[in-house]
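The residues of the chain are indexed from 1 along the displayed sequence. For the numbers below, each heavy atom of this structure counts, side chains included, while hydrogens, waters and symmetry mates do not.
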Amino acid sequence: MKMKIYYLLTGLLLLSLHSCRPVSETEKEMKRFLGSKVDLPEELVQQISGASSNYHLVIYLEAADCVPCSLSKLTILNQYAEDFEKFNTDIVLVIDESENKKQIEESFTGMKIEYLFFFDKDNYLLKNNPIISTNLLCRTFIIDKNMEVIWIGSPIANAKSIEGYRRMMEVIMQ
């Protein structure tokens, strides 16, 4: 079953990246990232381990970006809430810790965002997972209970990504 899932994921990833040009370094990096184990801060691992969901959509945000702008884009995820519930997937926001921490927390409260969020002290996630640091496409991914990447893609930035997620989860849930 695991091999079937691996081949499906690889095929879907390659299809989503398909073009008439040779395979880029970015595509090679993404293929290496898929199936790899993500090194998360221990505090975040404990929070995720305590969650009832089997899968976690991890979204990395930089506080240097326009925080209200980034957070307002997250409301797009609401339209996929039924998918996330059906496939037992929760949403985890990892935000680099900065002087904007209080503003970010207030934005979460004001926008009624109820996702698990974690402030990444000392940029642990980026330092211990270089591909996330260098490849912006790898900043939104789904991990399983073993912290292994099973999907790469952002339903916020690319509506086709949610279709691939649905197909992949249908296979996994069989």
Could you check whether any side-chain heavy atom of Val58 comes within less than 4.5 Å of a side-chain heavy atom of Ile143, counting everything from C-beta outward? yes

Is any side-chain heavy atom of Ile172 closer than 4.5 Å to one of Ile150? yes

Determine whether the aromatic ring centres of Tyr55 and Phe87 lie less than 6.0 Å apart. no

What pairs with Phe118 under ring pair (Phe, Tyr, Trp, His ring centres under 6.0 Å), at least two apart in sequence or on another chain? none

For the residue pair Tyr165 and Phe84, does the interplanar ring angle fall in the parallel (under 30°), tilted (30 to 60°) or perpendicular (over 60°) class? tilted

Holding to side chain to side chain donor-acceptor pair (under 3.5 Å), I want the full list of residues that pass it with Asn135, two or more places apart in sequence or in another chain. Glu29

Linked, directly or transitively: Val94 and Val45 (ILVMFWY side chains, under 4.5 Å): yes

Using modelled atom types only, decide if a donor and an acceptor are shared between the side chain of Glu27 and the backbone of Ser24 within a distance under 3.5 Å. yes

Nearest 0.5 angstrom please: Ser161 OG to Trp151 CH2, how far? 5.5 Å

Applying the 4.5 Å side-chain criterion to the ILVMFWY set and letting contacts propagate, would Ile76 and Phe117 be lumped into a single cluster? yes

Would one find more than 12 heavy atoms of other residues, nucleotides or ligands at under 6.0 Å from atom CD of Glu85? no

One thing to verify: whether Glu62 and Arg139 come together as a salt bridge, which I'm taking to mean a side-chain N less than 4.0 angstrom from a carboxylate O. yes

Exercise answer: donor-acceptor pairs, residues 124-131 side-chain atoms, under 3.5 Å, sequence neighbours excluded:
| residue | atom | partner | partner atom | Å |
| --- | --- | --- | --- | --- |
| Tyr124 | OH | Asp39 | OD1 | 2.8 |
| Tyr124 | OH | Asp39 | OD2 | 3.3 |
| Lys127 | NZ | Asp122 | O | 3.1 |
| Asn128 | ND2 | Tyr124 | O | 2.9 |
| Asn129 | OD1 | Asp39 | N | 2.9 |
| Asn129 | ND2 | Asp39 | O | 2.7 |
| Asn129 | ND2 | Leu125 | O | 2.9 |

Mind checking the OH-CD1 spacing from Tyr115 to Ile91? Nearest 0.5 Å is all I need. 4.0 Å

CA sep, side-chain torsions, deciding dist, call: Ile156, Leu77, side chain to side chain contact (heavy atoms under 4.5 Å, CB included): CA-CA 7 Å; Ile156 297 170; Leu77 296 174; 3.9 Å; yes

In terms of heavy-atom contacts, does NZ of Lys145 have more than 12 from other residues, nucleotides or ligands at under 6.0 Å? yes

Okay, side chain of Ser49, backbone of Gln46: is any donor-acceptor separation there less than 3.5 Å? no

Would you give the length of the straight line joining atom CG of Leu34 to atom CD1 of Ile152, rounded to the nearest 0.5 angstrom? 5.0 Å

Would you say the side chain of Leu93 lies within less than 4.5 Å of the side chain of Leu74, judging by non-hydrogen atoms? yes

Are Val38 and Phe33 packed together at the side-chain level, in the sense that at least one heavy-atom pair is separated by less than 4.5 angstrom? yes

Give a yes or no on whether a salt bridge exists between Arg166 and Glu82, defined as a side-chain N under 4.0 angstrom from a carboxylate O. no

Any side-chain heavy-atom pair from Ile48 and Leu40 closer than 4.5 angstrom? yes

Salt bridge Glu163-Lys160, side-chain N to carboxylate O under 4.0 Å: no

With a 4.5 Å limit on heavy-atom distance, are the side chains of Tyr60 and Asp96 in contact? yes

If the test is side-chain contact (heavy atoms from CB on, under 4.5 Å), which one of Leu57, Ile59, Leu44 qualifies with Val92? Leu44

Taking atom CE of Met169 and atom CG of Asp83, what is their separation to the nearest 0.5 Å? 10.0 Å

Charged N to carboxylate O below 4.0 Å: is that the case for Lys86 and Glu170? yes

With salt bridge (charged side-chain N to carboxylate O under 4.0 Å, His left out) as the test, would you mind laying out the steps for Glu25 and Lys31 before giving the verdict? CA-CA 10 Å; Glu25 192 58 37; Lys31 191 172 180 182; over 6 Å; no

Is a side-chain N or O of Asn146 found less than 3.5 angstrom from the main chain of Glu148, in a donor-acceptor match? no

Specify the closest pair of heavy atoms between Ser53 and Asp90, including all atoms of both residues, with the distance to one decimal. OG-CB, 3.5 Å

